[in-house]
Protein chains: 2
Amino acid sequence: MRTRKKPTVVDVASRAGVAVGTVSRVINHSEAVSPHTRDAVWRAIAELGFRPNNVARSMRTRVTHTIGFVIPDISNPLFSVIARAAEDTLQNVGYLLNIANSGESLEREVKLIRAFAERQCDGLMFVTNNESDMRMLEALTSSRLPLVALDREIDLPIDKVMTDHARGLRLAVKYLLELGHRRIALINASDRIAPGRERMRGFKEAHSELGLKVDAALIRSGRLDQDFGATQMGALLDLKRPPTAIIAGGNQILVGVLRALQLRDLTVPRDLSLIGCDDTAVTQVFSPPITVVDRDLVQIGRTAAQILIDRLSGQGRGLQPSRALLPTELKIRGSCAPRR
Amino acid sequence: MRTRKKPTVVDVASRAGVAVGTVSRVINHSEAVSPHTRDAVWRAIAELGFRPNNVARSMRTRVTHTIGFVIPDISNPLFSVIARAAEDTLQNVGYLLNIANSGESLEREVKLIRAFAERQCDGLMFVTNNESDMRMLEALTSSRLPLVALDREIDLPIDKVMTDHARGLRLAVKYLLELGHRRIALINASDRIAPGRERMRGFKEAHSELGLKVDAALIRSGRLDQDFGATQMGALLDLKRPPTAIIAGGNQILVGVLRALQLRDLTVPRDLSLIGCDDTAVTQVFSPPITVVDRDLVQIGRTAAQILIDRLSGQGRGLQPSRALLPTELKIRGSCAPRR
DNA sequence: GTGAAAGCGCTAACAT
DNA sequence: ATGTTAGCGCTTTCAC
């Protein structure tokens, strides 16, 4: 079988004995076509094996039915679950999701935003690690794309899907406080991104509401990766007065913490109480199952996607930028014990 | 700031006082442009805020620099790690990855392959759950796209990146046999996909090499999800003669197994020896760390992406379909004990 | 209800 | 070295 040139609307039209415009009307299911010609066109399409070229179509219609998604790392379960939910939502209405990893690099984030804009995608969802960098804001603005920020406090009039991390942390700290813990450590993201700031805020508020001071040595803000979690956990254990409870402000930080504890043969909750953020396979099958500050990741992805769909469908064309604040809850399991 | 129409090459050309062809030469960095006009064009581009429209460009050049990736579920760490590696590799050479989840449905797989073909993506990587379904083969063939199958034995002359699951399973079984186990169970994927068949083959070969029979009741082939793992684990434990060791043929199956054991308060390796397939956060931080049949997922993603890059760059244009067989190894950790 | 024709924004072949 | 022009495959007026 020879790879002959792909048939186009012109080929279909001549085969069906109609004009190209008519072919277009048929494949776009517009009403104004007689049943007879419609059948003739479909027959020609089938005989030729014609498949519309969506690039050409996009060129005319100026819609690509493609959404870009810039994230730090799809292999982080946090993002892969959100991406799955977003993609499902989009796929259901005929959109495709273009996922790109930034590795948290500003340079790559900016490059990717530009790439998505040049490719004329219809909208962009993103999780930046450079929330308030001018180059980031500039790239975002000049893209002229409908934008949805996920869990990042971008100073731009765009749609945002935020999480109430502060509340979750307040609940977590109060719970530990009630168990008698007074030296609670927080290993956290940088305060240059919203989740870091919000978790910190909740952490401090819970303490101050009860008139308690927090020892600055117990707060470790920095990055979200496993290595940071492991390193900081180690450093905390080496303190003259180590904490009796740990809150890991991120699922990767938690894995790092768990590694560090494993290395030192420490057992949860016997030696240390532990609370994680975000409910993953790890927190669920760990023994004992880990108490977590949870949120509905599927809802986050779905919400972000739906916002874009609404904007693009004209439902939400001129509307003010929205701001969803999704809840967190404390899922109490077996990783915390009363202070001895 | 008004959203005036986006500037095109025509606008740039007239502003710079040159022809559109010259603008095209400049933005494509072709040599034949004098430094003077080049500068003038770049200036005009900057002043206008011109950004090339890649849809129009693709229409002419017939390349989109986009690769499609059809997978069952990006939230499965197996696929998200592969996707991350593939995307990194592609991004480095200017490609974007379009990830779509099939949810293992044939209908969605076929629809997505068509969608990618219509959108003129330059190549397609895929993990199908319907390896030998005629409709799948038809969709693949008629897409006329450069194809790379990941870990699936498609009966088509296309590039494949396979894994030597059989060897990994042989090693796992032998290890358990050496520990004295004689009732080893395998909870496995369907034999309708290559990993299922290959794992089964390795499992049986290891037994027969030592002249041992396998009890059919200990082999559970079906699906790759957590529920299947949990259900089958439960059923195995309810056997009159339950197994003393379990091999979970997939990372999600393993999570299901762990859940089932948790439910019955069974401890590994005291009550049961356990081996997983694929090394994830779960197998690493579980206590004890779980012995696994491991493989390099990053290499799988990278290899698949590189194959496509080579084909598209002309390096591997007319070459025969390739078939990579990546190795597996047994990582012995703490989840197996001698039979009591 | 259908045909004819004008582009969408860009690249590439052909002139000059 | 640069200008001119013909499309790429499709949708969408505008006639008829």
Side-chain angles (χ1 to χ4, degrees), chain A residues 4-45 48-66 94 115 117-122 144, chain B residues 4-45 48-66 94 115 117-122 144:
Chain A
R4 59 188 183 290
K5 224 170 115 302
K6 283 186 193 165
T8 72
V9 279
V10 177
D11 303 317
V12 175
S14 74
R15 171 127 197 167
V18 299
V20 293
T22 303
V23 175
S24 175
R25 284 171 201 121
V26 170
I27 62 184
N28 290 296
H29 305 99
S30 69
E31 299 306 311
V33 182
S34 77
H36 179 259
T37 42
R38 187 163 40 66
D39 292 349
V41 170
W42 279 122
R43 203 174 319 119
I45 287 174
L48 262 36
F50 167 83
R51 298 263 93 205
N53 178 327
N54 258 309
V55 171
R57 186 179 269 175
S58 292
M59 167 112 124
R60 268 301 315 221
T61 61
R62 342 200 56 121
V63 262
T64 54
H65 289 286
T66 299
E118 293 187 3
R119 282 154 190 258
Q120 316 296 118
C121 69
D122 297 338
R144 299 179 176 202
Chain B
R4 61 187 181 291
K5 221 170 116 306
K6 282 186 194 166
T8 71
V9 280
V10 177
D11 303 317
V12 174
S14 74
R15 172 125 194 170
V18 299
V20 292
T22 303
V23 175
S24 175
R25 283 173 201 119
V26 170
I27 62 183
N28 289 297
H29 305 99
S30 62
E31 298 307 311
V33 182
S34 79
H36 179 261
T37 41
R38 189 166 35 68
D39 291 349
V41 169
W42 279 122
R43 203 175 318 118
I45 286 174
L48 261 38
F50 167 82
R51 298 264 94 204
N53 179 327
N54 258 310
V55 170
R57 185 178 270 175
S58 292
M59 168 109 130
R60 265 305 312 221
T61 61
R62 341 199 57 119
V63 278
T64 55
H65 288 286
T66 299
E118 292 187 4
R119 281 153 190 260
Q120 316 296 119
C121 67
D122 297 339
R144 298 178 176 204

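Just so it is clear: chains get the letters A, B, ... in the order the sequence lines come, proteins before strands, and each one is counted from 1.
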For the helix from C/dG1-D/dC16 to C/dT16-D/dA1, measure the angle between the helix axis at one end and the axis at the other, each built from five pairs, rounding to 10°.
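Here the local axes at opposite ends form an angle of 40°.
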So [Y] and [X], do their side chains get closer than 4.5 Å, heavy atoms only?
X	Y	value
B/Asn53	A/Gln120	yes
A/Arg38	A/Val41	no
B/Lys6	A/Arg62	no

Quick one: salt bridge (Lys or Arg N to Asp or Glu O under 4.0 Å) partners of A/Arg15, sequence neighbours excluded?
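For A/Arg15, the residues satisfying salt bridge (Lys or Arg N to Asp or Glu O under 4.0 Å) (neighbours in sequence not counted) are A/Glu47.
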Treating primed atoms plus P, OP1 and OP2 as sugar-phosphate and everything else as base, which nucleotides of nucleotides 6-13 of chain D get B, S or - for protein heavy atoms under 4.0 Å?
BBBBBBBB
Give the minimum heavy-atom separation between [X] and [Y], together with the two atoms involved.
X	Y	answer
B/Ala40	B/Ala16	O-CB, 3.8 Å
B/Ile27	B/Val9	CD1-CG1, 4.5 Å
B/Thr8	B/Phe50	C-CE1, 3.5 Å
B/Thr64	B/Asp122	N-OD1, 3.0 Å

Residues forming a side-chain hydrogen bond (donor to acceptor under 3.5 Å, both in side chains) with B/Asp39, sequence neighbours excluded
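None.
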Kindly state which residues belonging to residues 33-45 of chain B come within less than 4.0 angstrom of DNA chain D, counting heavy atoms of the residue only, listed by number.
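Contacts with DNA chain D under 4.0 Å: B/Val33, B/Ser34, B/Thr37.
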Could you name each residue pair satisfying salt bridge (Lys or Arg N to Asp or Glu O under 4.0 Å) that touches residues 49-61 of chain A, not counting sequence neighbours?
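Output for this query lists A/Arg51-B/Glu118.
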